[in-house]
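Here's the structure, in structure tokens; my notes come after.
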Amino acid sequence: MTAISLITDFGLKDNFVGVMKAVILGINPQARIVDICHGVAPQNILEAAFLLKTSFGYFPKGTLHLVVVDPKVGSERKKIIVKTKDYFFVAPDNGVLWPALKDEKPQAIIEITNQKYFLKPASNTFHGRDIFAPVAAYLSKREPINKFGKKINSINNLELPKIKTSCGSLTGQVIYIDRFGNLVSNIDKEMLHNFINGARFEICIKNKTIKKISDSYCESAEFKPAALIDSFNYLEIAVNCGSAKEYFGADEGDKVTIKRL
Amino acid sequence: MTAISLITDFGLKDNFVGVMKAVILGINPQARIVDICHGVAPQNILEAAFLLKTSFGYFPKGTLHLVVVDPKVGSERKKIIVKTKDYFFVAPDNGVLWPALKDEKPQAIIEITNQKYFLKPASNTFHGRDIFAPVAAYLSKREPINKFGKKINSINNLELPKIKTSCGSLTGQVIYIDRFGNLVSNIDKEMLHNFINGARFEICIKNKTIKKISDSYCESAEFKPAALIDSFNYLEIAVNCGSAKEYFGADEGDKVTIKRL
Amino acid sequence: MTAISLITDFGLKDNFVGVMKAVILGINPQARIVDICHGVAPQNILEAAFLLKTSFGYFPKGTLHLVVVDPKVGSERKKIIVKTKDYFFVAPDNGVLWPALKDEKPQAIIEITNQKYFLKPASNTFHGRDIFAPVAAYLSKREPINKFGKKINSINNLELPKIKTSCGSLTGQVIYIDRFGNLVSNIDKEMLHNFINGARFEICIKNKTIKKISDSYCESAEFKPAALIDSFNYLEIAVNCGSAKEYFGADEGDKVTIKRL
């Protein structure tokens, strides 16, 4: 068994994901396919990159992570396989792998060019089905990666939202909002602790402030906001039994500022 | 093969469910994971309890039912395993198992405390991933339940919406609305038949009345309402080829009254 | 392993799909169940037929395709098994298989009547769980199809949206809109090429025109419309990195006209 995980922006309304799985099964009937999620906002590479980074390490060693969020499908953007110590990654070379691979050093990068592994005729509009799914399926059957194309030396990076620090403040932003309306920032646990360093502080978002880091959602009263380090180690703004997105009227890109007092 | 069924309020937009499956697979690669559903309204224990009660018995004996709807995650609420004659249940002890276990007598109840079976470090905000998924995975590998913690004698119950009867009427309420807009009441087939007992009757909801129980949706004209005993044995108000939710402007909690004439 | 593919209009909010899978697993624990999709609009047979037609051929030979979009559930409409050279199909006989079976000639058609293979008692409102799922499961275990009922000679057809041609124009319509807002027409590649036949042309939709067929979405500027032959060989109107549905204010049923200039 090799597990193949899937992240796409295809949603579940259409047949795109089902057809990709059909192609994988036709090539490797033993493949164990696990949906990470398909609800990435259309063409939102940053969201997919965040979801991959916070998911891939929970999978068994040997898992192949297939990510298809591909606004430039059919253009000259590369299609790549990246092998690391514990995993394989297959994706368009648009930066979507970049954040995950900061944690997991690439051992080999292959540009996928060998049409032997493509469905024929391969469309220009659905490489998920015609190229990425069959390549992932063959790779999951232990086909050597150098058969899929030539080694290349680097992948495209992804421009991540910046963290700004001034003397007394650190400013990040909301980079992801989950189903519950929790606001996930790009400020991670280490950054936060290094900055606060025992001082008193307040966290500002949308002109409201929170003065402590809670240990759990329900440490706040019902329908009251809380800031906490979430289960993926990012600073998150939540509302106990409610939606912080609605409470704060917040959206992706909104600033989250920590001020030392 | 042991099947593990999943009910959560995590939705499918995020990576929560995918990451739980990753953790399960890492521990038990043979586990057969079946999604019951992840669309439970956030923190809605009653909805999850209803979905579990109406689903669990269709699964093969030996199935482990994992339910993670957990508004008090990270607090002192217990985490439990319940063994019955045919199934295992794993969930927070917040009443979510209560309705199912009225039909399926517990043989043993364990409070999960043995951290050996947790992911480390376990977060305070995502016990689905850090505690429930790995416990379910080890349990599905036939780890004896007494290894996970101590036996306890009872679980928390769930306050269910009441049924009220007066001389000539029986009043329940809408407890679930499905994708089609069908209004599921808490009045079950037996209750209904015992109450009507051959008499003429009318069913009232939102100031409208229905005077018979249909055998199928399409017994009514298109876009006309019908009352029927649904496939889970509850009295349901539907609209043929339409949405009863929209037709009646109804919502969860609205009264459904049966009057003997 | 036999794969069983699923198309339903049950959505993923409720437990309908999960319970069908439970029933299948109880009968055939080895079944490999693959969701094509469950987001078909309620009772929309045409949409389900389109999704089946564009999906089934990507599955391995031997796959059993189970389609449950069944507005007449509980009425006298037939329930059928169709065997073709490479596949099995199980569905209500409401035309949903018709478009797929134009490409894949039926070798045998069986009306499902043998209650031995049904859950008992079978409801009148959820044949997906009580009849179609168990029949599919037994069939996937190689139970001979003639055991499920008698052979019949034909299935119901489905009235498909018409294509109209006049001297200088060809008019079809939007038959499907995907998650990205792409507008899929019922004009296929062959029809389009035969009609244009090297001439200059324009494509009209909602009083706007497009003058060429692009090879990929990103051949247009960002947020600009494009017409292309999609990955399932239909003429599709798209907007690069945007939604054609929103751009054109279009809906299913809207006319798509090609004019020779």
Side-chain angles (χ1 to χ4, degrees), chain A residues 1 6 8-35 37-45 68-77 92 94 118-134 137 179, chain C residues 1-3 5-7 9 11-13 17 32-41 47-48 50-63 65 176-182 184 189 214-219 222-223 226 228-234 236 238-243:
Chain A
M1 186 210 69
L6 295 182
T8 76
D9 62 352
F10 291 151
L12 293 172
K13 177 182 120 52
D14 308 305
N15 61 348
F16 303 130
V17 173
V19 166
M20 283 179 64
K21 290 178 181 174
V23 170
I24 291 171
L25 279 187
I27 294 165
N28 183 1
Q30 308 305 323
R32 178 80 185 236
I33 304 169
V34 181
D35 299 300
C37 66
H38 302 287
V40 173
Q43 290 101 25
N44 193 326
I45 295 169
V68 187
V69 176
D70 194 9
K72 299 284 184 200
V73 59
S75 75
E76 291 302 308
R77 64 93 186 80
N94 57 19
F118 301 176
L119 247 55
K120 288 174 197 72
S123 71
N124 280 320
T125 51
F126 193 4
H127 284 185
R129 178 193 66 192
D130 299 337
I131 299 181
F132 292 114
R179 192 232 179 167
Chain C
M1 183 210 70
T2 301
S5 87
L6 296 181
I7 295 177
D9 62 351
L12 293 171
K13 177 184 120 52
V17 173
R32 178 80 184 237
I33 304 169
V34 181
D35 299 301
I36 295 181
C37 66
H38 302 288
V40 173
E47 213 176 286
F50 173 76
L51 289 163
L52 177 66
K53 182 187 178 68
T54 53
S55 303
F56 78 90
Y58 290 98
F59 281 82
K61 292 184 182 185
T63 295
H65 297 291
Y176 190 77
I177 302 179
D178 71 21
R179 189 227 182 172
F180 299 97
N182 296 320
V184 182
K189 184 180 180 176
S214 299
D215 280 330
S216 67
Y217 298 120
C218 56
E219 209 176 293
E222 274 198 10
F223 313 120
L228 32 74
I229 301 299
D230 74 10
S231 60
F232 298 105
N233 279 325
Y234 290 92
E236 180 180 301
V239 164
N240 184 23
C241 290
S243 162

(request) Find out whether C:Arg32 and A:Ile33 are in side-chain contact, i.e. whether some heavy atom of one side chain is under 4.5 Å from a heavy atom of the other. (result)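 Yes - at least one pair of side-chain heavy atoms lies under 4.5 Å apart.
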
(request) Taking the side chain as every heavy atom from C-beta outward, state whether C:Tyr58 and A:Leu119 have any atom pair closer than 4.5 Å. (result)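 Answer yes - side chains close enough.
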
Please flag which part of [X] lies under 4.5 Å from any non-hydrogen atom of chain A: side chain, backbone, both or neither.
X        : answer
C:Leu12  : side chain
C:Tyr176 : side chain
C:Asp215 : both
C:Thr63  : neither
C:Leu52  : neither

(request) State whether a side-chain donor-acceptor pair under 3.5 Å links C:Ser231 with A:Asp130. (result)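 Result is no, nothing qualifies.
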
(message) Measuring from atom OH of C:Tyr217 to atom OG of A:Ser75, what distance do you get when rounded to the nearest 0.5 angstrom?
(response)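 Between atom OH of C:Tyr217 and atom OG of A:Ser75 there are 13.5 Å.
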
(request) Identify which part of A:His38 has an atom lying under 4.5 Å from any heavy atom of chain C, answering side chain, backbone, both or neither. (result)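 A:His38 touches chain C through backbone heavy atoms alone.
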
(request) Give the ring-plane orientation class for A:Phe16 versus C:Phe180, where under 30° counts as parallel, over 60° as perpendicular and anything between as tilted. (result)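 The rings of A:Phe16 and C:Phe180 sit tilted, inter-plane angle from 30° to 60°.
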
(request) Could you go through the side chain to side chain contact (heavy atoms under 4.5 Å, CB included) check for A:Asn15 and C:Phe50 one step at a time? (result) CA-CA 10 Å; A:Asn15 61 348; C:Phe50 173 76; over 6 Å; no

(request) Give a yes or no answer on whether the side chain of A:Lys13 reaches the backbone of C:Ile177 with a donor-acceptor pair at less than 3.5 Å. (result)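 Yes; judged by distance alone, with no hydrogens or angles, the pair exists.
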
(request) Could you tell me whether the side chain of A:Asp14 and the main chain of C:Arg179 form a donor-acceptor pair under 3.5 Å? (result)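 A pair under 3.5 Å: yes.
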
